[in-house]
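Okay, so here's the structure we're looking at.
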Amino acid sequence: MNIGIFDSGLGGLLITKSLIKKLPEYNYTYLGDTKRVPYGNRSPETIYEFLRESVEYLFKHNCKLVIVACNTASAQALRRIQQDFLPSNYPDRKVLGVIIPTCEVAAPNNISKNIGILATNATVNSNAFVIELKKIRSDIKIIQQSAPLLVPFIENNELKLVEPILNKYLRSFKNGKIDTLILGCTHYPLIYNHIQKILGKKVKIISQDKIIPEKLKMYLLKHTEIEKVLTKKKQYQFNVKDLTEVMKKTVTKWFGKDVMLCQVDLRD
Ligand code: DGL
């Protein structure tokens, strides 16, 4: 069986790429809901419906566990999927998110006392990062900033135009207000350098593509009943619900020719 990775769009390919690098032996099936990205400005109910459909597609295509790389979907809909949908429909499958593992890396070290979170509107509104960080360390000060314009620019490969917008979004973190910044969105690792340049080297940036592979490795070591049913044939499938020339170009620019996108229909 495969490891499924879901994202609302193309950004989750970054985590997928680093998962494949760290744990290449497994089979991976990626699904990007490029037909309906971005999720960041949508309601919790809609995000839940979209996530449920995609998770079901991945289960029907032989995935034992699904990693919800999308922060927005993890923040707004993961709990409901785990508590309501899985037990009665797929009790033998697992769905994991990215928010708790990110907080587990960001919060425990003593350097991080003032943590900034940059994310979509829906993720910020859910308060998911704040809730999970405070569970680990209640004394942390947290500043959240939503950045609704970043994903469309990144998905359209307009990275040069991102800096003026970033300057505006990062203003609330500047002048020593934070020591650590969580990139709470699949797409932001692509603008890591722009962010570091604006905030300066003193701010530690937590990027999920660097931490999720290690977290998955630990999870699989602990859950041998899952690990042992995973197929180890190094087959990687990258599926999207809508495919345009711009998407193909963007993905080739990010990954070279390694990643070939296929268009799929959820009814298949
Ligand atoms: N994948 C989303 C996230 O990580 C960003 C794109 C969107 O808004 O759908 O929050």
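Atoms within each ligand, like the ligands themselves, are counted from 1 in listed order. Quick caveat: nothing in here was measured; it's all calculated off a predicted structure.
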task: Could you go through the side chain to side chain contact (heavy atoms under 4.5 Å, CB included) check for Val66 and Tyr57 one step at a time?
output: CA-CA 10 Å; Val66 172; Tyr57 173 90; over 6 Å; no
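- Against a heavy-atom cut-off of under 4.0 Å, Asp7 is close to the following atoms of ligand 1: 1 (N).
- Every atom of ligand 1 is numbered from 1 in the order shown, and the set under 4.0 Å from a heavy atom of Val37 is 9 (O).
- In terms of protein heavy-atom proximity, atom 8 (O) of ligand 1 is closest to Gly40 N, 2.9 Å.
- Considering only heavy atoms from C-beta on, Leu19 comes within 4.5 Å of Ile67 through its side chain.
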message: Determine whether Arg80 and Glu45 satisfy the following criterion, salt bridge (charged side-chain N to carboxylate O under 4.0 Å, His left out), listing intermediate values before the conclusion.
response: CA-CA 10 Å; Arg80 213 171 134 196; Glu45 193 55 39; 3.1 Å; yes
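- Between Lys21 and Pro213, the closest side-chain pair of non-hydrogen atoms is not below 4.5 Å.
- Thr72 OG1, 2.6 Å is the protein heavy atom nearest to atom 10 (O) of ligand 1.
- Note: an N/O pair closer than 3.5 Å links Tyr39 and ligand 1 by distance alone.
- Of the listed residues (Asp33, Thr123, Thr72), just one forms a side chain to side chain donor-acceptor pair (under 3.5 Å) with Tyr39, and that residue is Asp33.
- In Val151, the part holding a heavy atom less than 4.0 Å from any atom of ligand 1 is the side chain.
- A cation-pi arrangement is absent between Lys94 and Tyr219 under the rule of less than 6.0 angstrom and at most 45 degrees off the ring axis.
- Annotation: Cys185 places no N or O atom under 3.5 Å from an N or O atom of ligand 1; distance criterion only.
- Open room surrounds NZ on Lys141; 12 or fewer heavy atoms of other groups in view lie less than 6.0 Å from it.
- Considering backbone and side-chain N/O of His187, none are found under 3.5 Å from N/O of ligand 1.
- Ligand 1 places these atoms under 4.0 Å from at least one heavy atom of Cys70: 1 (N), 2 (C), 3 (C), 4 (O).
- Nearest to atom 6 (C) of ligand 1 among the protein's heavy atoms is Ser8 OG, 3.4 Å.
- Counting atoms of ligand 1 from 1 in the listed order, those under 4.0 Å from a heavy atom of Pro38 are 7 (C), 8 (O), 9 (O).
- Once rounded to the nearest 0.5 Å, the distance linking CG of Leu230 with NZ of Lys228 reads 11.0 Å.
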